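This report refers to the structure that appears directly beneath it.
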Number of protein chains: 2
Amino acid sequence: MAKHDPSLDTVFSALGDPTRRAILERLATGPASVSDLSAPFAMAMPSFMGHLKKLEAAGLITSDKAGRVRTCALVPGAFAPARDWLSAQKDLWNARLDRFDAFVTQLAKDQSE
Amino acid sequence: MAKHDPSLDTVFSALGDPTRRAILERLATGPASVSDLSAPFAMAMPSFMGHLKKLEAAGLITSDKAGRVRTCALVPGAFAPARDWLSAQKDLWNARLDRFDAFVTQLAKDQSE
DNA sequence: TGATTACTTAGTCACATGGCTAAGCATGAT
DNA sequence: ATCATGCTTAGCCATGTGACTAAGTAATCA
């Protein structure tokens with residue numbers, strides 16, 4: 001496990017906001033323009049752009065401007081570091097359970113001798 | 001997928017800080033007291049307690065005070081909501097890929113006719 | 001009893017976050 | 001050429017975050 005992966009900071013922080021998660025859920029079904037994305041949200045454009053900026057800074061989305069329309073899309077595999085950290089955490093936990101189990105087993109064995 | 005799960009806010013936000021992730025990694029190997037946990041960090045006690053408070057508020061850890069020592073432990077399965085959201089996101093993405101694939105296949109078929 | 005330990009509370013501070021309005025500026029439509 | 005659209009920039013404001021010091025409290029040790 002990486003000691004202090006700075007990308008996890010931005011990724012997890014970006015995911016910690018419901019607006020941003022909703023944007024990602026929307027983008028999972030396909031690319032969309034900024035105004036299309038912002039339509040469901042009762043929020044001024046600059047505020048909304050701030051969220052997109054964070055998602056892009058975290059590497060979760062890309063955006064490209066054609067004419068006056070900026071189109072956003074998910075970056076495939078961008079969730080991997082987050083998923084991996086959570087998996088590694090789970091593995092650590094299971095390893096601990098195994099050690100604990102071995103300890104208890106040994107204890108029982110010692111007592112029966 | 002839950003529409004706006006507020007617990008995801010606190011969980012992901014809690015994970016967005018390297019100090020807090022390090023605390024969780026340490027706790028995955030077993031429970032520890034506050035001062036044991038704080039030892040590796042060059043940080044004043046109240047600052048460190050703030051992190052523990054956030055982890056506990058997010059439901060990721062529990063703590064119990066016995067005498068003057070507060071012992072902290074991981075809450076097993078507390079990562080599940082975060083893992084689930086990421087999985088659901090991956091599924092959405094794969095569903096989109098499938099649709100896209102079907103679309104391309106159909107397109108090729110139409111052209112060949 | 002008195003000192004030490006292990007938090008805990010209170011208060012301060014700098015900066016980040018998340019929202020807003022107002023105004024600017026290309027691009028595309030008429 | 002003019003106007004509407006789709007961002008974009010700039011600036012403001014309230015609140016939240018993460019750090020600190022200093023002082024307080026309760027439990028244990030000598």
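Just so it is clear, the structure is predicted and the values come from calculations on it, not from any experiment. Letters A, B, ... mirror the listed sequences (proteins, then strands); counts begin at 1.
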Hey, what do you get for CG (A/L52) to CD1 (A/I61), rounding to the nearest 0.5 Å?
5.0 Å

Using a cut-off of strictly less than 4.0 Å, decide whether B/K65 has a side-chain nitrogen or oxygen near OP1 or OP2 of C/dT8.
yes

Whole angstrom is fine here: how far is it from CZ in B/R21 over to P in D/dG18?
12 Å

Select one nucleotide: of D/dT8, D/dG6, D/dG18, the one nearest the side-chain heavy atoms of A/V69.
D/dG6

Could you measure the distance from the CG atom of B/L55 to the CZ atom of B/R21? Nearest 0.5 Å is fine.
11.0 Å

Assign each of A/M43 and B/R70 the nucleotide of DNA chain C bearing its closest heavy atom; nearer the 5' end lies the nucleotide of B/R70

Under 4.0 Å, heavy atoms only, any strand: does B/G67 hit a base, just the sugar-phosphate, or nothing?
sugar-phosphate

In whole angstroms, how far is the C1' atom of D/dT9 from the CZ atom of A/F48?
18 Å

Nearest whole angstrom, please: distance from the P of C/dT9 to the NZ of B/K53.
7 Å

Using a cut-off of less than 4.0 Å, is there contact between a side-chain N or O of B/R68 and OP1 or OP2 of C/dT4?
no

Please determine if a side-chain N or O atom of B/H51 lies less than 4.0 Å away from the OP1 or OP2 oxygen of D/dA19.
yes

To the nearest Å, give me how far apart CG (A/L52) and C1' (D/dT8) are.
13 Å

Presence of B/S35 side-chain N/O under 4.0 Å of C/dT5 phosphate oxygens OP1/OP2
no

Any donor-acceptor N/O pair, A/R20 side chain to A/H51 backbone, under 3.5 Å
no

Is any NZ, NE, NH1 or NH2 atom of the basic residue among B/D17 and B/K54 found under 4.0 Å from an Asp or Glu carboxylate oxygen of the other?
no

Between C/dG18 atom C1' and A/I23 atom CD1, what is the distance in whole Å?
13 Å

Parallel, tilted or perpendicular: which one describes the rings of A/F79 and B/W85, with boundaries at 30° and 60°?
perpendicular

Please report, rounded to the nearest Å, how far the P atom of D/dT17 is from the CG atom of B/L55.
13 Å

For D/dG18, does OP1 or OP2 lie under 4.0 Å from any side-chain N or O of B/S47?
no

How many Å lie between CE on A/M45 and C1' on C/dG18, as a whole number?
17 Å

Take the protein atom CE of B/M49 and the nucleotide atom P of D/dT21, then report the distance between them rounded to whole Å.
17 Å

Out of D/dG18, D/dC20, D/dT8, minimum distance to the side chain of B/D17 belongs to D/dG18

According to a strict under-4.0 Å criterion, is A/K54 in side-chain N/O contact with OP1 or OP2 of C/dG18?
yes

